[in-house]
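Presented below is the structure to which this report refers.
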Number of protein chains: 2
Amino acid sequence: MIEGWITQLRKGLLEYCVLLVLRRGESYGYEIVQALKRIEDLAVSESTVYPILGRLRAEGFLKSRDVPSDAGPPRRYFALTPRGKVRLAEMNAYWPMLTKALNELKSGKPEREPQT
Amino acid sequence: MIEGWITQLRKGLLEYCVLLVLRRGESYGYEIVQALKRIEDLAVSESTVYPILGRLRAEGFLKSRDVPSDAGPPRRYFALTPRGKVRLAEMNAYWPMLTKALNELKSGKPEREPQT
DNA sequence: ATCATGTATTACGCAATGCATAATACCGGG
DNA sequence: CCCGGTATTATGCATTGCGTAATACATGAT
């Protein structure tokens, strides 16, 4: 029931999460998925993360390089571009505004200035 | 540029905001829009809120009654149903999990338990 | 050899939602 | 009579999360 709502809530947020993971340095899709699966209540699947990586690269926020692996097919490493870092900074700036707005709604909603 | 991302971020969240507004008692679309416009960085338009109200009612989370107005067309007042209150409670329970997950990502991401 | 398993990526397609745009209805004032 | 503020409805687009499935490579079991 509520899963449908959660699915909607994640829109945009997962993009943010991916950039946060890459903030520390380059990584590849499969590893990013594992990292996000480790976070409780944030379980993601490959079919969610890979499209995000592709889009972020297409928009110039990520660059990639292919590295052969000894335990499977070649890995595609992604890393933040300068534009990507700017984007992440913007997200880091906007997110608190949202949580603040939510908190304003939760903690009373005075129609007019409460007097005294 | 970043507006597109914000649009995605709002998915699901605005539904939550509407229920939060109605938590205090019944209200009608236009008034809800005004209430949300009052919150900084949460500006919404009528074309966003009205479909949400329709959906929430169709799903049984809201009930409505029409009241004639002396300053325009009749108002459609919405109020939470028991199911709506349960839903809101579920959302109130889930939201902190999301913010917690985000904070875990932001504040370090230890691959293994940090020793010491 | 064959099959399953873990690693790693790609493609297809559906269901939802936010939102721009526009139309409509009602009232009062210039 | 037209304009602005109140109040709702309809249409249609773009984007995203995600289920499902296919594919490639290596190792180990049957």
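Every chain is numbered from 1 and lettered A, B, ... according to where its sequence line falls, protein lines coming before strand lines.
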Query raised in the report: Picking from C:dG18, C:dA16, C:dA8, which would you name as closest to the side chain of B:R10?
Result: C:dG18
Report summary line: To the nearest angstrom, the NZ-C1' distance between B:K37 and C:dG18 comes to 15 Å
Report task. Give the rounded distance in Å between these two atoms: CD of A:Q34 and P of C:dT9. Result -> 11 Å
Report task. Would you indicate, yes or no, if C:dA16 has its OP1 or OP2 atom less than 4.0 angstrom from a side-chain nitrogen or oxygen of B:R55? Result -> no
Query raised in the report: Closer to the 5' end of DNA chain D via nearest nucleotide, is it A:L14 or A:A71?
Result: A:L14
Query raised in the report: Thinking salt bridges, do A:R65 and A:E26 make one under a 4.0 Å N-O criterion?
Result: yes
Query raised in the report: Any salt bridge between B:K100 and A:E40, counting N to O under 4.0 Å?
Result: yes
Query raised in the report: Which word best sums up how the rings of B:W95 and B:Y16 line up, parallel for under 30°, tilted for 30 to 60°, or perpendicular for over 60°?
Result: tilted
Requested in this report: Starting at atom CH2 of A:W5, determine the distance to atom P of C:dT17, rounded to an integer number of angstrom.
Outcome: 12 Å
Query raised in the report: Within this structure, what is the CD-to-P distance between B:E26 and D:dA7, rounded to whole angstrom?
Result: 14 Å
Query raised in the report: Under 4.0 Å between a side-chain N or O of A:T48 and OP1 or OP2 of D:dC18?
Result: yes
Requested in this report: Output yes when a side-chain donor or acceptor of B:R83 lies under 3.5 Å from a complementary backbone atom of B:E59, and no otherwise.
Outcome: yes
Query raised in the report: Looking for any heavy atom pair under 4.0 Å, which part of the strands does B:G4 touch: base, sugar-phosphate only, or nothing?
Result: nothing
Report summary line: When rounded to whole Å, the CG to P distance for the pair A:L13 and C:dT17 reads 17 Å
Report task. To the nearest Å, give me how far apart CD (B:Q8) and P (D:dG17) are. Result -> 7 Å
Query raised in the report: Looking only at atom types and distance, does a side-chain atom of B:R87 sit under 3.5 Å from a main-chain N or O of B:G84, one as donor and one as acceptor?
Result: no
Query raised in the report: Heavy atoms under 4.0 Å, any strand shown: does B:G54 hit a base, just sugar-phosphate, or nothing?
Result: nothing
Query raised in the report: Any donor and acceptor pair, going by atom type alone, linking the side chain of B:S64 with main-chain N or O of B:Y77 inside 3.5 Å?
Result: no
**Report entry** Rounded interatomic separation in angstrom, taking CD from A:E31 and P from C:dT7
**Finding:** 12 Å
Requested in this report: Take atom OH of B:Y30 and atom P of C:dC27, then tell me their distance rounded to the nearest Å.
Outcome: 17 Å
Report task. Check A:S27 against A:L22 and note the closest heavy-atom contact, atom names and distance. Result -> N-CD2, 3.6 Å
Query - Nucleotide nearest B:R75 (side chain, heavy atoms from C-beta), chosen from C:dT17, D:dT8, C:dA8 - result: D:dT8
Requested in this report: Return the 5'-most residue of the pair B:E59, B:S45 with respect to DNA chain C, ranking by each residue's nearest nucleotide.
Outcome: B:E59
What protein N or O atoms touch nucleotides 10-14 of chain C N or O atoms at under 3.5 angstrom, if any, and at what distances?
residue	atom	partner	partner atom	Å
C:dT10	OP1	A:R76	NH1	2.4

